[in-house]
Amino acid sequence: MDSTASEVLELIVENDVKFIRLNFCDMFGLQKSISIMADELNNAFDTGVSFDAHAVSGFRDVTESDLFLFPEPSTLTVLPWRPGSGRVASFFCDIRKPDGSQFLHDGRGLLKQVADRALKMGYVCKIGAECEFYLFLTNDSGEPTNTVFDKGGYLDVPPLDKGEDIRREICLTLEEMGIKPETSHHEQGPGQNEINFRFGDVLSCADNFLTFKSAVKTIAARNGLFASFMPKPLLQAPGNGLHMNLSLSQNGSNVFINANQGHSSVAESFIAGILDKTAQITLFLNPITNSYERFGQFEAPKYVSWSHQNRSQLIRIPAAASDEKVRMELRSPDPSINPYLAFAMVLSAGLDGIENKLLLPPAVDADLYTASESVTSMLTRLPEDLESAITLAENSTFVKRILDPVHLSRYLSVKKAEAAGYAAAIDKNRFYTERYFPSV
């Protein structure tokens, strides 16, 4: 046990914490946790806490069902919605096998490896997430309905925007938890909101994304509402995106710093690498059947292309107020992702681009929602459905290099069954509602 763990144990006592939640997520991004009493934390740091991996989708079969959670001390968060005596704290965990080796299907461990690869190449990647969600009313039993909380639109204010106080409570709660929100506002859809939090290293951003979703859902429920991160909960309204803002630093300098005047070769190759692989990794950026209802409308991309400031593109270089904030924005992902897998795939693609000195194709400055076929026919399209995304991933040597064969096989098996279930469904909207609405 290192000194950081010792400091954490002191903080647990000082804050009258009695319960510890050990968090991880399954292969598909659904957060899981197991609780222990605070006086068991010391043992958890040393020897881990076991759980039945066979009961977690995609992890292990019944013949090898034991895995162990090891809390990472630096991820300590005291939950603000559990104040007073007997407080609750949480940690994100590494997952290990009984022999102490890393569990290869742990996306968090995979993302650590990719971040280490970047560091060995001399780069540090930062990610900032822009996450959208809808607020729905609940019925007398507290179950979600399909009635949106308000009829507001983009940047509206009260009384059209009824979500202002909820967003305020979410932002204050996140700040208490060590996650710094930067902006919040009503989005385009009725009942749709967006909160953006400050960029950080890739692992912290992935952890924070799961914490963010949990906090939003908890605070919404506390206010008699239901928060949905489903990519397209209302088929005729804007979808929920998870725009990923990526910057890359080398020797402390942002390689995107001159992005608006002319790019560095490193920045161009990084972007080119992501463009080159996005179609192949769309399964991990848009992992459910409902994800594909979002593409090609309401500022969600449809083609593999890039430009400056243009929101119809897959990748855009936004105008930035300061050098620190210059970055690229990947606009295709949605909030149904496993953030560890998604971030690992995107960062790996960019690093491959740098290693292979890929050339950035010309920018596409047209509005791709209204552009003629003479423009769009020259561009690669993103997969149109989950089945197409599965095929691209299954045939990708890149994906096979990032994920071990057993991990990939189990992931694909579950997703193929999901796609088949959707294809067989007579009422597609009912399939979405029953399959995704309560959990995503």
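Side chains are part of it too, since the values below use all heavy atoms of this structure and drop only hydrogens, waters and symmetry mates.
Scanning both residues, A279 and P383, for their nearest heavy atoms gives O-CG, 3.9 Å. Listed here is the closest heavy atom pair of L235 and N429: CD1-OD1, 3.7 Å. Annotation for F229 and E132: closest pair CD2-O, 3.7 Å, computed over non-hydrogen atoms. For the pair M121 and I354, the tightest heavy-atom approach, listed with the atom from each and the gap, is CE-CG2, 4.1 Å. Taking every heavy atom of both residues into account, G191 and D150 meet most closely at N-OD1, 2.8 Å. The two residues N310 and A366 make their nearest non-hydrogen contact at ND2-O, 2.8 Å.
Listed for the T145 side chain is a donor-acceptor partner under 3.5 Å among the backbone atoms of L137. For T138 (side chain) and G224 (main-chain N/O), a donor-acceptor pair under 3.5 Å exists by modelled atom type. The main-chain N or O of L358 is found under 3.5 Å from a side-chain atom of S269 such that the two form a donor-acceptor pair. No donor-acceptor pair under 3.5 Å is formed between the side chain of S336 and the backbone N or O of V440. With hydrogens and angles ignored, the 3.5 Å screen pairs a side-chain donor or acceptor of D106 with a backbone N or O of R108. Judged purely by atom type and a 3.5 angstrom limit, S348 has no side-chain atom pairing as donor or acceptor with the backbone of M345. At distances below 3.5 Å, at least one donor-acceptor pair connects side-chain atoms of S377 with backbone N or O atoms of E373. Here the side chain of K213 pairs a donor or acceptor atom with the backbone of P335 at under 3.5 angstrom. No side-chain donor-acceptor contact under 3.5 Å links R327 to the backbone of P318.
The structure places CD1 of I170 at 8.5 Å from OG of S184, a figure rounded to the nearest 0.5 Å. A distance of 8.5 Å separates CG in L408 from CG in L283, rounded to the nearest 0.5 Å. We find the CG-CD1 distance between L347 and I127 to be 6.5 Å, quoted to the nearest 0.5 Å. One distance of note links CG of D334 with CD1 of I288; it measures 6.0 Å at 0.5 Å rounding.
Crowding of R430 atom CZ: a count of heavy atoms from other residues, nucleotides or ligands under 6.0 Å not exceeding 12. Within 6.0 Å of atom NZ in K180, 12 or fewer heavy atoms from other residues, nucleotides or ligands are found, so the atom counts as exposed in its surroundings. Heavy-atom contacts from other residues, nucleotides or ligands closer than 6.0 Å to CD of E355 number more than 12. Around NZ of K162, the count of heavy atoms belonging to other residues, nucleotides or ligands within 6.0 Å does not exceed 12. For L155, the CG atom sits in a packed shell: over 12 heavy atoms of surrounding residues, nucleotides or ligands are nearer than 6.0 Å. Heavy atoms of other residues, nucleotides or ligands lying less than 6.0 angstrom from CZ of R198 number more than 12. Surrounding CD of E169 are more than 12 heavy atoms belonging to other residues, nucleotides or ligands, all under 6.0 Å away. Few gaps surround NZ on K400; more than 12 heavy atoms of other groups in view lie less than 6.0 Å from it.
Taking the side chain as every heavy atom from C-beta outward, T173 and W81 approach each other to under 4.5 Å. Contact of the K126 side chain with the V124 side chain is registered, since non-hydrogen atoms from C-beta on lie closer than 4.5 Å. A 4.5 Å side-chain heavy-atom check between Q31 and K217 finds every atom pair outside the cut-off. Counting heavy atoms from C-beta on, the side chains of E299 and H243 never come closer than 4.5 Å. Within the 4.5 Å cutoff, the side chain of F133 has heavy atoms near those of the L135 side chain. Put simply, the side chain of L248 reaches to within 4.5 Å of the side chain of F256, judged on heavy atoms. Looking at I274 and M328, their side chains come closer than 4.5 Å, going by heavy atoms from C-beta outward. Contact check for I271 versus I317: side-chain heavy atoms found under the 4.5 Å cut-off.
A donor atom on one side chain and an acceptor atom on the other are not found under 3.5 Å apart for N254 and S247. Side-chain polar atoms of N251 and S253 form no donor-acceptor pair below 3.5 angstrom. In summary, the side chains of S204 and D207 do not present any donor paired with an acceptor at a separation below 3.5 Å, with no hydrogens or angles considered. N240 and Q192 are linked by a side-chain donor-acceptor pair at a separation below 3.5 angstrom, with hydrogens and angles left out of the test. For the residue pair N196 and T183, a side-chain donor N or O sits within less than 3.5 Å of a side-chain acceptor on the partner.
Using a 30° and 60° split on the angle between ring planes, F437 and F136 fall in the perpendicular class, above 60°. Aromatic ring pairs are classed by plane angle as parallel below 30°, tilted from 30° to 60° and perpendicular above 60°; the pair Y411 and F28 is tilted. Relative ring orientation between H105 and F103 is described as tilted, the plane-to-plane angle lying within the 30° to 60° band.
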Are L382 and V304 close enough, and set up right, to give a side chain to side chain contact (heavy atoms under 4.5 Å, CB included), and what steps lead you there?
CA-CA 6 Å; L382 293 171; V304 177; 4.0 Å; yes

Would you check, one step at a time, whether the test side chain to side chain contact (heavy atoms under 4.5 Å, CB included) holds for V364 with Y303?
CA-CA 10 Å; V364 179; Y303 301 96; over 6 Å; no

Would K428 and Y422 count as a side chain to side chain contact (heavy atoms under 4.5 Å, CB included) here? Give the steps.
CA-CA 7 Å; K428 306 300 187 186; Y422 174 73; 3.6 Å; yes

Assess the residue pair S50 and F68 against the criterion (side chain to side chain contact (heavy atoms under 4.5 Å, CB included)); give the C-alpha distance rounded to whole Å, side-chain angles, the decisive distance to 0.1 Å, and a yes or no.
CA-CA 4 Å; S50 66; F68 291 81; 3.6 Å; yes

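For Y134 and F226, the ring centers sit 6.0 Å or farther from each other. Two rings, from F343 and F209, have their centers 6.0 Å or more apart. Residues Y123 and F270 place their aromatic rings such that the two centres sit no closer than 6.0 Å.
Residues K415 and E418 are paired through a salt bridge, judged by an N-O separation under 4.0 Å between the basic side chain and the carboxylate. Comment: R117 engages D352 in a salt bridge, judged by a side-chain N to carboxylate O separation of less than 4.0 angstrom.
Of the options N290, N286, T289, a side chain to side chain contact (heavy atoms under 4.5 Å, CB included) to L386 is made by T289 and by none of the others.
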